[in-house]
Amino acid sequence: MNGSGKPESVDFIREIINEDIKNGKHEGRVHTRFPPEPNGYLHLGHAKSICLNFGIADEYKGQCNLRFDDTNPTKEEVEYVESIQEDVKWLGFDWEDRLFFASDYFDVLYDYAEKLILMGKAFVCDLNADQMREYRGTLTEPGKESPYRNRSIEENLDLFRRMKAGEFPEGSRTLRARIDMASPNINMRDPVIYRIMFAHHHRTGDKWCIYPMYDYAHCISDAQEGITHSICTLEFEDHRPLYDWFLDVLETPHHPQQIEFAKLNVAYTIFSKRRLNELVKRGITSGWDDPAMPSLAGIRRRGYTPEAIRKFATIVGVAKRDTLSDMALLEYCIREDLNKKAQRAMAVLKPLKLIITNYPDGESEELEAVNNPEDPAMGTRKVPFGRELYIERDDFMENPVKGYFRLFPGNEVRLRWAYFVKCNDFRKDPVTGEVTEIYCTYDPESKGGNSSDGRKVKSTIHWVNAGKCISAEVRLYDRLFTVPDPADAEEGKTWIDYINPHVLDIVKDAKLEPFMAGAVPGINYQFERLGYFVADSKDSAPGSPVFNRTVTLKDSWAKLAAK
RNA sequence: UGCCGGGUCGUCUAACGGUAGGACAGCGCCCUUUGGAGGCGUUUGCGUAGGUUCGAAUCCUGCCCCGGCAGCCA
């Protein structure tokens with residue numbers, strides 16, 4: 001029950017689980033698994049599945065296995081089995097001692113295959129790939145039975161054992177289930193269950209030259225592990241009859257239930273492994289861990305937290321219809337998390353010199369600044385103040401537009417944690433017309449940021465001490481694409497044409513408070529009034545960090561100004 | 001045009017025959033030493049046409065639209 005007294009609503013998967021528990025199905029157990037193929041890096045879409053599977057296991061006091069679906073050695077690599085484990089752990093989940101591989105079951109899988117042959121439910125087929133395609137029929141026409149479909153059990157067994165022994169060349173024969181070539185479901189038209197591949201496997205080495213297909217391996221692997229609910233994405237819906245067929249025919253001790261949900265899509269980015277790979281290959285991004293990538297490695301480096309990702313997974317929910325989630329939802333999650341946790345700092349991205357004409361030359365002082373207004377326990381710090389400062393170029397306007405509250409000639413603003421200053425004059429470059437310096441007077445009575453006479457200002461701006469700040473490179477990341485759904489390209493264009501040219505803008509020489517020299521990668525900061533930033537884990541050096549912008553702060557002035 | 005699965009605010013998601021609700025986004029106001037955060041308020045939706053029913057988002061039928069499926073990929 002929630003606070004309103006209404007029953008807590010659950011998604012359709014948890015509804016099924018609740019029903020199963022009520023009916024005592026699977027002895028009331030809940031056991032899920034996350035089954036990635038180790039052929040690429042994990043991305044936000046996988047995170048949804050991870051949170052679902054591990055999350056459900058947690059909620060029902062069940063278990064969730066991590067199982068690598070490594071049935072195709074030509075596509076899989078150890079590099080990925082390592083990065084995947086790292087990503088799942090980073091997200092905050094634990095498979096304890098239940099790390100499995102489909103290849104753990106190659107012997108079992110093989111024995112079951114002989115059993116199928118013995119039952120007359122599988123046969124060795126000599127059709128090549130092209131012929132098989134012809135025999136398969138089409139979406140609207142039934143297929144034809146293979147001429148090898150009625151071989152004797154003895155011949156099938158002999159041939160299959162010789163396939164295993166390596167007597168036949170790659171592609172020359174397959175083992176196929178004997179189901180129904182006229183089935184309206186193409187997956188049931190005598191699907192291949194073993195193919196010959198003389199490939200080195202990352203775990204089993206050269207032991208095998210025949211490898212099982214996904215449909216055959218997956219259901220049996222689930223059954224082996226006593227999985228109760230095998231949660232996968234919608235495109236496997238058509239495979240469920242086959243999943244059930246294998247387990248029914250083989251009479252496995254367990255029969256997990258496959259449940260399909262709609263995978264995550266997020267506007268202005270893409271999750272397709274193929275396309276993500278192309279971004280890397282073309283050099284559009286620097287690699288799979290580029291902070292602009294939606295890979296978990298990328299968003300981690302970008303400064304996203306596991307808490308935010310988990311919250312996002314919860315918020316988008318789980319259902320069966322295709323969706324395109326709003327980027328704003330993700331950004332909300334990270335802002336909400338970081339607002340409470342991030343240490344504040346002042347950073348000036350586009351510096352403009354501000355000189356306080358009535359501040360004694362050569363003087364300086366340390367002012368106290370609050371580290372996080374949301375969390376007093378985070379304490380305060382000292383910020384060096386002086387006669388010459390840098391402020392943000394955008395915080396000054398020679399001719400202010402309506403509604404602009406920041407600095408302009410004659411206007412008074414507050415320098416955060418410091419003093420009120422009033423602009424009296426400014427200087428411009430005679431050639432470019434660019435403002436080069438502004439001259440202000442400060443009110444010594446307003447130290448700390450409050451006037452002594454109750455005088456108010458409409459704006460507070462950030463600043464750094466020109467003589468005592470540090471310089472750093474700051475990388476401003478934005479959305480990857482210029483359109484919500486780049487895969488849905490208009491005539492004559494491809495998704496590549498929609499890459500955002502400003503996905504990364506680099507600020508070479510930002511000015512920051514001196515303590516930021518000690519910024520440690522992985523610790524999130526809020527640069528006040530700008531956004532959340534994190535020191536880059538690859539390109540920062542001790543004492544000289546490089547910062548990545550995780551997300552901007554909401555900017556209601558920008559919205560107003562755009563009108 | 002075969003089979004399977006879907007269509008509820010702009011977005012995501014509830015409702016399980018009984019007042020269409022929440023979150024995000026938007027808008028307005030209040031508050032604010034971040035034009036941040038926060039508080040309050042508010043606009044917007046059941047694909048369509050019928051049927052059953054006292055009553056339909058929910059059940060039935062037709063239509064429309066969207067997605068998936070013809071790898072020895074997963």
Side-chain angles (χ1 to χ4, degrees), chain A residues 2 4 6-11 15 35-37 39 69 71-72 74-76 125 127-129 132-133 136-143 170-176 183-189 191-197 210-211 213-215 217-218 232-241 260 262 267 273 314-333 335-336 339-340 344 346 369-370 373-374 403-406 414-418 448-450 457-462 484 526-531 552-561:
Chain A
N2 58 23
S4 68
K6 282 186 182 168
E8 199 81 64
S9 69
V10 295
D11 58 68
E15 218 165 83
E37 184 188 12
N39 71 340
D69 224 328
T71 56
N72 186 348
T74 62
K75 296 195 169 173
E76 296 148 7
C125 184
L127 255 27
N128 65 33
M132 207 179 291
R133 186 160 39 247
R136 187 157 35 233
T138 68
L139 293 176
T140 52
E141 304 153 25
E170 229 168 74
S172 63
R173 283 181 227 262
T174 55
L175 182 73
R176 292 225 260 164
S183 172
N185 181 343
I186 290 180
N187 296 120
M188 301 301 272
R189 318 238 264 229
V192 170
I193 62 187
Y194 266 96
R195 72 289 215 191
I196 299 170
M197 288 176 134
I210 55 171
Y211 291 94
M213 297 288 288
Y214 165 85
D215 284 306
H218 201 85
C232 62
T233 45
L234 248 29
E235 67 265 31
F236 292 103
E237 213 153 16
D238 290 342
H239 296 239
R240 192 172 64 232
E260 310 86 10
K273 265 181 200 171
T314 304
I315 235 175
V316 295
V318 34
K320 292 195 73 159
R321 65 168 134 159
D322 302 302
T323 57
L324 185 60
S325 290
D326 206 323
M327 192 61 130
L329 242 35
L330 217 208
E331 295 183 340
Y332 161 76
C333 293
R335 286 191 188 112
E336 187 203 48
N339 177 47
K340 296 195 193 84
R344 314 282 129 124
M346 291 195 282
V370 171
E374 300 291 319
Y404 187 85
F405 305 141
R406 281 114 93 152
R414 172 168 38 231
L415 295 176
R416 180 137 239 225
W417 309 123
N450 287 104
V457 289
K458 292 192 91 168
S459 176
T460 301
I461 65 174
H462 61 276
Q526 184 196 101
F527 291 174
E528 296 215 48
R529 305 210 301 136
L530 298 176
T552 61
L553 243 32
K554 280 209 287 187
D555 188 347
S556 50
W557 164 245
K559 237 178 278 172
L560 225 180

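Numbers restart at 1 for each chain; the letters A, B, ... are given by sequence-line order, proteins then strands.
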**OP:** On RNA chain B, check which nucleotide each of A/Arg406 and A/Gly317 is closest to and give me the residue with the more 5' one.
**Re:** A/Gly317

**OP:** Check whether any side-chain nitrogen or oxygen of A/Thr323 sits under 4.0 Å from OP1 or OP2 of B/rU11, and answer yes or no.
**Re:** no

**OP:** For B/rC30 and B/rG35, measure between their C1' atoms and round to the nearest Å.
**Re:** 15 Å

Subject >> For A/Tyr214, ring pair (Phe, Tyr, Trp, His ring centres under 6.0 Å) partners two or more places apart >> reply: A/His218, A/Phe236

**OP:** Using the C1' atom on both, measure B/rG67 against B/rG47 and round to a whole Å.
**Re:** 15 Å

**OP:** Please measure how far the C1' atom in B/rC24 lies from the corresponding atom in B/rC9, and state the result in whole Å.
**Re:** 12 Å

**OP:** Provide the distance between the two C1' atoms, one in B/rC64 and one in B/rA70, to the nearest whole Å.
**Re:** 26 Å

Subject >> Interatomic distance at C1', B/rC4 relative to B/rG38, whole Å >> reply: 48 Å

Original post:
What interatomic distance, in whole Å, is found between C1' of B/rA49 and the corresponding atom of B/rA23?
Top reply: 33 Å

Original post:
Should A/Arg344 be listed as having a side-chain N or O under 4.0 Å from OP1 or OP2 of B/rU34?
Top reply: no

Subject >> Separation between CZ of A/Arg240 and CG of A/Asn187, rounded to the nearest 0.5 Å >> reply: 12.0 Å

**OP:** Please determine if A/Lys75 and A/Glu37 form a salt bridge, counting it only when a charged side-chain N lies under 4.0 Å from a carboxylate O.
**Re:** no

Subject >> ring pair (Phe, Tyr, Trp, His ring centres under 6.0 Å) against A/His462, all qualifying residues, sequence neighbours excluded >> reply: none

Original post:
Of A/Glu528, A/Arg335, A/Gln526, which meets side chain to side chain contact (heavy atoms under 4.5 Å, CB included) against A/Leu553?
Top reply: A/Gln526

Original post:
What integer number of Å spans the P atoms of B/rU13 and B/rG6?
Top reply: 14 Å

Original post:
Could you write nucleotides 67-74 of chain B as a row of B, S and -, 5' to 3', where a protein heavy atom under 4.0 Å of any base atom gives B, of only sugar-phosphate atoms gives S, and otherwise -?
Top reply: SBBBSBSB

Subject >> Span that lies between the P atom of B/rC16 and that of B/rG2, in whole angstrom >> reply: 37 Å

Subject >> side-chain contact (heavy atoms from CB on, under 4.5 Å) involving A/Pro142 - partner list, sequence neighbours excluded >> reply: A/Ala182

Subject >> Consecutive-pair stems (3 or more, Watson-Crick or G-U, under 3.5 Å) for RNA chain B >> reply: B:2-7 with B:64-69, B:10-13 with B:21-24, B:26-30 with B:38-42, B:47-51 with B:59-63

Subject >> Contact pattern, 5' to 3', of nucleotides 23-28 of chain B - B, S or - by protein heavy atom under 4.0 Å >> reply: SSSSS-

Subject >> Any donor-acceptor pair under 3.5 Å from A/Glu141 side chain to A/Gly137 backbone >> reply: no

Original post:
Under 4.0 angstrom, heavy atoms only, what part of the nucleic acid is A/Gly143 near: base, sugar-phosphate, or nothing?
Top reply: nothing

